[in-house]
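Here's the structure we're looking at; comments come further down.
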Amino acid sequence: MSATLTKSAPTPGAGGGTPGRGAAVRGALGGALRSREIAVAVVLLVVVAVATVRNDSFLLSADGWRDLLLTPSILLLLAAGQMMVIVTRSVDLSVGSTMALTAYLTGRLFIDVPGIPIIVVVLAGVALGAVLGLVNGVLVAYGQVPALVITLGTMYVYRGIMLTWAGSDRINAGDMPSGFLALGTKQVLTIPLLTIVAVAVVAVVGYYLHTARSGRELYAIGSDPDAAKLYGLKVPTRVLTAFVLCGALAGLAGVVHAARYGTVSSGVGNGIELQAVGAAVIGGVAIFGGSGTVWGAAIGAVLLVTINRALPILGIPDFWQRAVVGALILGAVVLDRVLALRQSRKYDEEREG
Amino acid sequence: MSDTPSTPSAPATPVLEMADVRKSFGPVAALRSGTMTVESGSIHALVGENGAGKSTLVKIVAGVHRRDGGTLRFEGADVDFTSTAESKGAGIAVIYQEPTLFPDLSVTENIFMGRQPLGRGRRIDRAAMLKETTEIFERLGVDIDPRRPALGLSIADQQIIEIAKAISLDARLLIMDEPTAALSGVEVERLFAVARSLRDEGRGLVFISHRFEEVFALCDRVTVMRDGAYVATTDIATTTPDAIVEMMVGREVGELFPKTVATIGEPVLEVRGLRSAGTFRDISFDVRAGEIVGLAGLVGAGRSEIARAVFGVDAYDAGTVTMRGKKVRPRRPRAAIAAGMAFVPEDRRKQGLVVDASVARNVASVIRRQLSSLGLLTGRAENKASGPWAGRLEVKTNALDMAATTMSGGNQQKVVIAKWLATEPQLLIIDEPTRGIDVGTKAEVHRLLSDLAGQGLAILMISSELPEVLGMADRVLVVREGQITAELDRTEATPESVMKAATAGAVPTELTPVLPDALLKEVGA
Amino acid sequence: MSASTPTKTPLTKRPAGGGDGSARTYASYARPAWQRLLLTRETAIIALLVVVLVWANVNVPNFDGPLTVYYLFLDLMPILLIALPMTLIIITGEIDLSVASTVALTSAFTGVLFTDAGFSFPVAALAAIAIGAVCGAFNGFLVGYVGLPSLAVTIGTLALYRGIAVGLLGTEAKTGFPDEWADRVTDRIGETSYPQGLVVFLVLAVVFALLLHFSSFGRGVFEIGLNDEAARFSGVDVARTKLVLFMLAGAVSGLAGVYYTLRFDLSRGDSATGMELQVIAAVLLGGVSIFGGRGALHGVIAGVLLIGVIASAMRLEGQTQNVTNIVTGVLLIASVIIPRLLSWASGRLPRRTRGDT
């Protein structure tokens, strides 16, 4: 029995850390890295700055500026949703498939219901996403089976439904009204509309997680599910909510994809679920729940997307971008571990001092 | 039960009334007749051996379990809680042995989770939350930063957080399940001061403890349970520890420690200068063949940590561990096993065995390499090897493929011991040998340890039960705050000498050990 | 082999309570053999596989043709191979998402070493398998010794290894691998409709089955999944076990990468994309618990075959891959939900509460 409060996440086989170097070094480094959000944001700024120095059109041209802001919007939405699920100690692997389904639904509605108001299509996409999230949530929260298995299953099912429904069809720009496609290029004060939407969503999620009782309970559940039950929290309801919100945001991401790219092919969102998880991890969201912010996940998402675009400019062939992303995720996980060890050593010293 | 409780003058209105509450889990009746009345403005002790049904009773009051029958009244009204949220809402707070906090969240959030004060627009009012937390901490006289995460708090501080939670709930009934098990003397004193002030405010408190000195120092009345049933309730002022022990055990206690005299041989284990930063230091001692060495001290003094380091489960920073003259590689349980060590750890279900695995697999788990032929291991070989060992210890099970999880604590302990005896060790380290097992099995374990020592096995025994240490050990090492503060011969070891070395006067005077004479008689102190 | 038996030891226990002195004896098993063999998840999956096979033979035109089985195994081979070590990893309660990326990386290396560096094919292949083992060792080191969560680590290396594979080859694709080696993998065994590559799988399957179910190491694998702390207290080297398992997964993925290269005569950075989830789905369908601690290799092999048989039957029926995906997904969900429903229905749903004694 340990005498102090430790996290109930799986313990390492051999976690014996070596004694720290020096308190001074520790303090300085710890201070700079205390806020993960700031640390990742600094990395992001450095990447943008270096890319801009190499090629000023990366930031300073109209196209560069727009792409810089617009490209991350889809992953931003997915990461925000994924973060809410991860914080409850679950994971949702079906977001890519959900996004593909709603993207196709968007195109289908424009084709089948001529003159349908754009807002109805957007709401339909979000609603479909929420329903798909509900299916995940019911199975995970009430079936009491691990989210990894369930959402791996629904990942196949949703993708299969989308492909069966679409057959060999493909939605092209010509199928969708120009008013809708204009959303993808519209800018307000040079800032793309879709980016504003994505940032607004992140802000709302952040506000919810910070100020609503149910938002805080998501953290509590992820931090210690057994304790959450003893506290009398409505664990299944909250987990269900997280999945529904995650699904709804994936639904919105599907609509955004249709507007941004004007086409919906069968490969929409393939593999993006792991990018969303990766963005959250880079942003400091603990993979076993309980801690992290949506801001972190959002900045992580922007960093992932921006690095992809910056690499060619930095002289690294873009083939290597995934390797860099992988290294980034590993670096984030290792950093989390180092910081956690340092923190627990600090508490040990405090108790003895 | 048929015993009529003595009826002292009722000072106040009852806050909790339980009569004949029953609860079964499958075929096992965990609680056959739970009866207890707690008055407001009083501290009520609930005592009984492990498995007497105290925890089940508490969990029914808390709404974790639902009762099968009997009456439960809170503040005069019949209640039937279906969840912890309901009992909490009604005004009942429970502090479990191991506090249940959210490590990632701040202390303040932990206190208010699920019922945070709301401001405009149903937003959590963090300022109000922080203010109330600060006020409660001031009242309790504790110095904990309300903004820090709960991660890394000591057990004592975690319990303070739990109490703060209860106060912020305005709980009229506060149940504390062995809150002092892991506390030092000063921390116990702080806890008691808080408990008394809560009582003086007119709240009802239930205090579960195995330490009689604490029960007698703190409580007003005591209810005794045995085998899942109510035995009696009396005023503390009118009873004695001996009387309570008799009611708890329900039979003569004298037969507990049948220590036989063994010939003590050469040193088997030699520990020199063992140190682990922040946990223990300067640890040097020997254990000889045929000798039982008791490691005594308060919980949290570092006894288990020393044992874990010796066995190689934990690392240590300096010092050596030698078995029969050969140095044992640190941080490598397998090296310790090869050197002839066996280790029955403190937490049976988490460390001692794999409860979801079968009896055969558990018993054979350390010797299975030797059971393999050409690298292949069959279930038949495991059964063949484990059956006799299980039989030797009289493990009660239908078949060897039954999962250990279905067994009683005592039976599980026998499986753990069988598993280690199967390795034919020269040294047995046994941490809390009889924790959570019934009286009958307890006596069996004591007899077994005595026999094993008689056959030349060296035994290092850690125990929080002073009578057990004094009764079994040939020599007692007392650990305080990570250091060995006394080495006492069997003749020198008395409750007083051990407690003095374990606490060094840090224990408040009111807590001088009040040990039941009945237990001490046998000890021959 | 001297197994320690109590009769040899002096540590005898005095019979308690005046018995006749003979120690208690026990039955080895609580249930009769047929129950132990039949009432398992593995048996359920195998039965389902048989049912689907029979149904397909009767109802699906051409299913009983010689090509069906041949291509079934040819296509399933990488999944069959990787499912073996993946089973052991999941039984310890960990997961490896990087296996498909390792397949691509080793395939890319095979191509580069053979075509550009001029190695002979066997040397290039062995080097690729070694690289796979190194990839796995990296995962295993981070998970076992550093103590990082495998889900996060292998999401990272999934991107990293894939990135290196794509980075190595760019948009290039290497072909022209020696036919003699390709033939050794794809030729039929004698007159049967089984490809020769199957022999490699069968050998590995036997090795892994012995390792998991008939060795001390395998017992440790299960113990780590059920209770890693107790395993450590009994002398199981948890960190090393995990390192070994991830290394095995890497090496077998390397083997699958070589197979991939030969089978398609192609070495590309983007091959086997998404295969990690196919492997995991098959392993879970085969009755392995994602929480660790339970599962058996025959169930897993049946799980892989079940997915493969359904896919090829549906293809012959004229269904697209999409419907097969739906069926796979539904099966996977059903495989975890149905046992839950059954135990709930029979009122045996275990109540997990903290601190129960």
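Numbered from 1 within each chain, the chains take letters A, B, ... in sequence-line order.
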List the steps and the verdict of side chain to side chain contact (heavy atoms under 4.5 Å, CB included) for A:Arg36 and A:Asp336.
CA-CA 9 Å; A:Arg36 169 60 77 80; A:Asp336 281 342; 2.2 Å; yes

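- Residues C:Pro149 and A:Val333 meet the side-chain proximity criterion, which asks for heavy atoms closer than 4.5 Å.
- Of the listed residues (A:Gly271, A:Gly143, A:Gly153), the one with the most heavy-atom contacts under 4.5 Å to chain C is A:Gly153.
- Put simply, the side chain of C:Ile337 reaches to within 4.5 Å of the side chain of A:Ile150, judged on heavy atoms.
- Looking at A:Ile221 and A:Arg89, their side chains never come closer than 4.5 Å, going by heavy atoms from C-beta outward.
- Residue contact with chain A, scored on non-hydrogen atoms closer than 4.5 Å, involves the backbone and the side chain of C:Leu277 alike.
- Side chains of C:Glu94 and C:Ile224 form no contact here, defined as non-hydrogen atoms less than 4.5 Å apart.
- Looking at heavy atoms from C-beta onward, C:Ile82 lies out of side-chain contact with C:Thr102 at the 4.5 angstrom threshold.
- Options C:Ala165, C:Gly329, C:Ala281, C:Ser289 differ in how many heavy-atom pairs under 4.5 Å they form with chain A, and the most are formed by C:Gly329.
- When heavy atoms are compared at a cutoff of 4.5 Å, A:Val145 approaches chain C solely by way of its side chain, counted from C-beta outward.
- In this structure, C:Ile95 and A:Leu148 have side chains that are in contact, with non-hydrogen atoms separated by less than 4.5 Å.
- The residue among C:Val336, C:Ile326, C:Leu332 with the most heavy atom pairs within less than 4.5 Å of chain A is C:Ile326.
- At least one side-chain heavy atom of C:Leu284 sits less than 4.5 Å from a side-chain heavy atom of C:Ile290.
- When heavy atoms are compared at a cutoff of 4.5 Å, A:Met162 does not approach chain C at all.
- Heavy atoms closer than 4.5 Å to chain A are found in the side chain of C:Phe291, but not in its backbone.
- Highest contact tally toward chain C, considering only A:Leu328, A:Val281, A:Leu274, A:Val325, is held by A:Leu274 [criterion: heavy-atom pairs under 4.5 Å].
- The candidate from C:Val327, C:Thr171, C:Leu142 with the greatest count of non-hydrogen atom pairs under 4.5 Å with chain A is C:Thr171.
- Interface residue A:Ile287: only side-chain heavy atoms are found under 4.5 Å from chain C.
- Options C:Gly156, C:Ala231, C:Gly167 differ in how many heavy-atom pairs under 4.5 Å they form with chain A, and the most are formed by C:Gly167.
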